[in-house]
A.B. asks: 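Once you've had a glance at the structure underneath, I'll fire off some questions.
All residue numbers in this chain count up from 1 along the given sequence. Counting convention: from 1, in listed order, for ligands and their atoms alike.
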Amino acid sequence: MCGIVGIVGTQPVAGRLVDALKRLEYRGYDSAGVATIHEGALDRRRAEGKLFNLERRLADEPLAGNIGIAHTRWATHGVPNETNAHPHFVDGVAVVHNGIIENFSEIRDELLADGASFKSQTDTEVVAQLLAKYTREGLGHRDAMLKMLRRVTGAYALVVMFKDDPDTLMGALSGPPLAVGYGKGEMFIGSDAIALSPFTNEITYLVDGDCVVINRKGAEIMDHNGNRVERPRQITQAAAFLVDKGNHRHFMEKEIHEQPEVISHALSHYIDFTSGTVKVDTAIDFSAVRSLAISACGTAYLAGLTGKYWFERYARLPVEIDVASEFRYREMPLSPDQAALFISQSGETADTLASLRYCKAEGLKIGAVVNVKESTIARESDAVFPILAGPEIGVASTKAFTCQLAVLAALSIAAGRERGTISAAEETALVKALMEMPRIMTRVLNSIQPQIESLSRDLSRYKDVLYLGRGTSYPLALEGALKLKEISYIHAEGYAAGELKHGPIALIDENMPVIVIAPHDRFFEKTVSNMQEVAARGGKIIFITDEKGAAASKLPTMATIVLPMVEEIISPMIYALPIQMIAYYTAVFMGTDVDQPRNLAKSVTVE
Ligand code: F6R
């Protein structure tokens, strides 16, 4: 994820900005840049790749100036090159941005029609363009900023600098974090307390909807209408930690909310946004393989189980899938005309690695869907498919799960194209659905939280919970149950909805909430019949569906969570959000150690 730093100082800032960017390296990035104002001129250095490339540029051509902004970019819109690297300049306005401006293409079209010319492929540039336009039209910087904030939608943390005001930086946020740091005669702004830790330990975390103006004397915080708001200052221990929770209570909460951004980043790696096709560079020739073996553990296994539905449906490729601890000992007959896929956030899980080695010994081509690109599983594979989720600190996997799903969806479409089982038009439609996903995720995260919090308060009083789903909602039912039990310690089970009457129905009574995951898809009617069986036995239903599904079912529920109508291929990623939030808030009400639940480890390197 992108990192932001800004300094209004009394000494040169370029070197200090780069030092602060180094502290943000953990977030992941693929280009970086720094801009300053000196003697009335705005100047910048940017470089693709690691920070030492930027340092080399600065050594060759130093930047003077006591005020500046800097950025590490993690590409979402536009390839990671120098042109797309931040800061972006338009007519004396400099902008750095973390997040996604969701209505950027609409604004861009409008500005183009107005005669603007764009230099980059980024969504960020519309912010600089709007600010330049509003100041040209006569607005002061502050009013231009507030007007721009009312025009853009999406998730953003922004820091802005105007050439003709070398004493002021402005910031704003809606989603990604931003913190203000207080120094002696100097002020700082950055993505988190860690970025600011070389300068100060006295900080204020801004909250969504805040806009801040900082100068050497202090900070003025206001809402998007310009009304003043107060935020507490705090002393942080950030220097002691590798990563920071920002405004969130737990890493898990932070990671849930990061999903639109990280998915967008992951998709930019696997999708050509211009042609609307998937771009997957792989050593595995899907057109030549007879079948695919998938193996993984826990949540990663459930991502793989969802992948099975997609590979079989879109690529007509038979998939054998098993949890790695069973797979490795099954003595499964394999042959070199098969390929194998291993899914692992850490890339170090012992059972998954052992399954990989078994398949390798049998002569199969090996693919790895991993978050940690330097991991053992990645190193031992023929093809590595990074999920690009950034560091996942919460033990319960959230953003890694949805990024694994996004990558598997893209891979299955690529396999379908190679095998000639989907047409170009089908590929375009599937890719379009994937591209819409980050925007829909933001909408869902913003809309369902109050309802889920109140539902979770009720759920925390129960001892058992059942989850049901069909099709790709079945692995999600398993994931919901896994997430709830691992962090809240409430006993939970996931079932294929059609299995209910083959046993678990005996458990249904008024003490058993049943969470039914049922988008209005081709399985909806069948799942509703299963829901009826629950209702008839006094079971309490929590219905997670979409607008059509909510209108179609007349059954009484304990809660109905209504999500937007979405294409079938993205429903697992969208429906994962309420599932994760139910587990999270229930655990918060139970008072458990959410980020480090008892008995669990993030990387399981033993059998
Ligand atoms: C559950 C969870 C675990 C992991 C499993 C595999 O929230 O995080 O079930 O998914 O331990 O770990 P990786 O993906 O590192 O192989």
A.B. asks: What atoms in ligand 1 come closer than 4.0 Å to a heavy atom of Ala300?
C.D. replies: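 The atoms of ligand 1 under 4.0 Å from a heavy atom of Ala300 are 10 (O), 14 (O).
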A.B. asks: Of all the atoms in ligand 1, which lie at a distance below 4.0 Å from a heavy atom belonging to Gln345?
C.D. replies: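 In order of numbering, the contacting atoms are 13 (P), 14 (O), 15 (O), 16 (O).
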A.B. asks: When you compare ligand 1 with Thr352, is there at least one nitrogen or oxygen pair between them that comes in under 3.5 angstrom?
C.D. replies: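 Checking ligand 1 against Thr352, no N or O pair falls under 3.5 Å apart.
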A.B. asks: Counting both backbone and side chain atoms, is some N or O of Gln404 under 3.5 Å from an N or O of ligand 1?
C.D. replies: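 No, there is no polar N/O contact under 3.5 Å.
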A.B. asks: Looking at Tyr489, I'd like to know if the NZ or CZ of Arg598 sits under 6.0 Å from its six-membered ring centre while staying within 45 degrees of the ring's axis.
C.D. replies: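 That pair qualifies as a cation-pi contact.
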A.B. asks: If only atom types and distance count, is the side chain of Glu253 paired as donor or acceptor with the main-chain N or O of Tyr584 below 3.5 Å?
C.D. replies: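 No, because the side chain of Glu253 does not come within donor-acceptor range (under 3.5 Å) of the backbone of Tyr584.
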A.B. asks: If you measure from each non-hydrogen atom of Glu348 to ligand 1, which part falls under 4.0 Å: side chain, backbone, both or neither?
C.D. replies: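 Within the 4.0 Å criterion, Glu348 makes no contact with ligand 1.
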A.B. asks: Please identify which atoms of ligand 1 are closer than 4.0 Å to at least one heavy atom of Lys483.
C.D. replies: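 Those qualifying, in numeric order: 1 (C), 7 (O).
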A.B. asks: Report yes or no: does Lys308 contribute a side-chain atom to a donor-acceptor pair with the main-chain N or O of Val319 at less than 3.5 Å?
C.D. replies: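 It does hold such a pair.
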A.B. asks: Does a donor on one side chain sit under 3.5 Å from an acceptor on the other, for Thr421 and Arg313?
C.D. replies: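 Absent: no donor and acceptor within the cut-off.
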A.B. asks: For Glu486, take its heavy atoms, then give the atoms of ligand 1 lying under 4.0 Å from any of them.
C.D. replies: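 So the answer, numbered in order with elements, is 1 (C), 7 (O).
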A.B. asks: Could you list the atoms of ligand 1 found under 4.0 angstrom from a heavy atom of Ser344?
C.D. replies: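 In order of number, 13 (P), 14 (O), 15 (O), 16 (O).
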A.B. asks: Side chains of Ser397 and Glu392: donor-acceptor distance under 3.5 Å anywhere?
C.D. replies: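 On atom types as modelled, these side chains qualify, holding a pair under 3.5 Å.
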A.B. asks: Could you tell me if the side chain of Leu507 sits less than 4.5 Å from the side chain of Asp464, heavy atoms only?
C.D. replies: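 Result no, sub-4.5 Å side-chain heavy-atom pair not found.
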A.B. asks: At a 4.0 Å threshold, what atoms of ligand 1 neighbour a non-hydrogen atom of Val395?
C.D. replies: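 What qualifies from ligand 1 is 8 (O).
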A.B. asks: Would Lys50 and Tyr29 count as a cation-pi pair here, with the cationic atom under 6.0 angstrom from the ring centre and within 45° of the axis?
C.D. replies: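 Yes, a cation-pi geometry.
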